[in-house]
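What follows is a single structure, written as structure tokens, with notes after it.
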Amino acid sequence: EQALRERLVASLDEDAEAAAVEVAAQMAAQAPAAVRSCVRTLRTRQEGGLEAALWREADSQAHCYATADYLEGLRALTAKPRAPPSFAGYEECSSDRPPKLG
């Protein structure tokens, strides 16, 4: 309870393992390149400070916009009726070519 008051944890659960598995499942359902980028940014914050993390995040967003998963997320978001995304899981953000449309 003290950790919750001091905002060291987001919630207290009776079954911590089940709660952790639920969070992991939610993360696994997201675009893999975006999740990896987020983790790397958080690590940069710990190791290099806030300014380094902000620069890394800005760069990561620009790279992630060039992935097929970005387009898949947009497709899923705008589909009528709404459909869950099917992410490919490839980290294409190092590619010099934009993703193929259609």
- Message: Please tell me whether Glu6 and Gln2 have a donor and an acceptor in their side chains that are separated by less than 3.5 angstrom.
- Response: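 On atom types as modelled, these side chains qualify, holding a pair under 3.5 Å.
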Could you report the tightest heavy-atom contact between [X] and [Y], atom names first, then the distance?
X     : Y     : answer
Met27 : Val35 : O-CG2, 3.7 Å
Ala83 : Arg75 : CB-NH1, 4.2 Å
Pro32 : Asp69 : CD-OD2, 3.3 Å
Val9  : Leu4  : O-CD1, 3.5 Å
Asp13 : Ala19 : OD2-CB, 3.4 Å

Between [atom1] on residue [X] and [atom2] on residue [Y], distance to nearest 0.5 Å:
X     : Y     : atom1 : atom2 : value
Glu57 : Leu42 : CD    : CG    : 8.5 Å
Arg36 : Gln30 : CZ    : CD    : 13.0 Å
Tyr70 : His63 : OH    : NE2   : 15.0 Å
Thr41 : Gln46 : OG1   : CD    : 12.0 Å
Phe87 : Thr67 : CZ    : OG1   : 8.5 Å
Thr44 : Leu50 : OG1   : CG    : 11.5 Å

- Flag yes if Leu74 and Tyr65 sit in one hydrophobic cluster, no otherwise; membership is Ile, Leu, Val, Met, Phe, Trp, Tyr, and two members link when side-chain heavy atoms are under 4.5 Å apart.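 Same hydrophobic cluster.
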- Message: Tell me if a side-chain donor or acceptor on Ser37 pairs with a main-chain N or O of Ala33 at a distance below 3.5 Å.
- Response: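 Checking the backbone N and O of Ala33 against the side chain of Ser37, no donor-acceptor pair under 3.5 Å is found.
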- Message: Test your reading of the model: is there a side-chain donor-acceptor pair from Glu72 to the backbone of Ser86, 3.5 Å cut-off?
- Response: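 Checking the backbone N and O of Ser86 against the side chain of Glu72, a donor-acceptor pair under 3.5 Å is found.
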- Message: How about CZ on Arg43, more than 12 heavy atoms from neighbouring residues, nucleotides or ligands closer than 6.0 Å, or not?
- Response: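 Not buried by this count: 12 neighbours or fewer within 6.0 Å.
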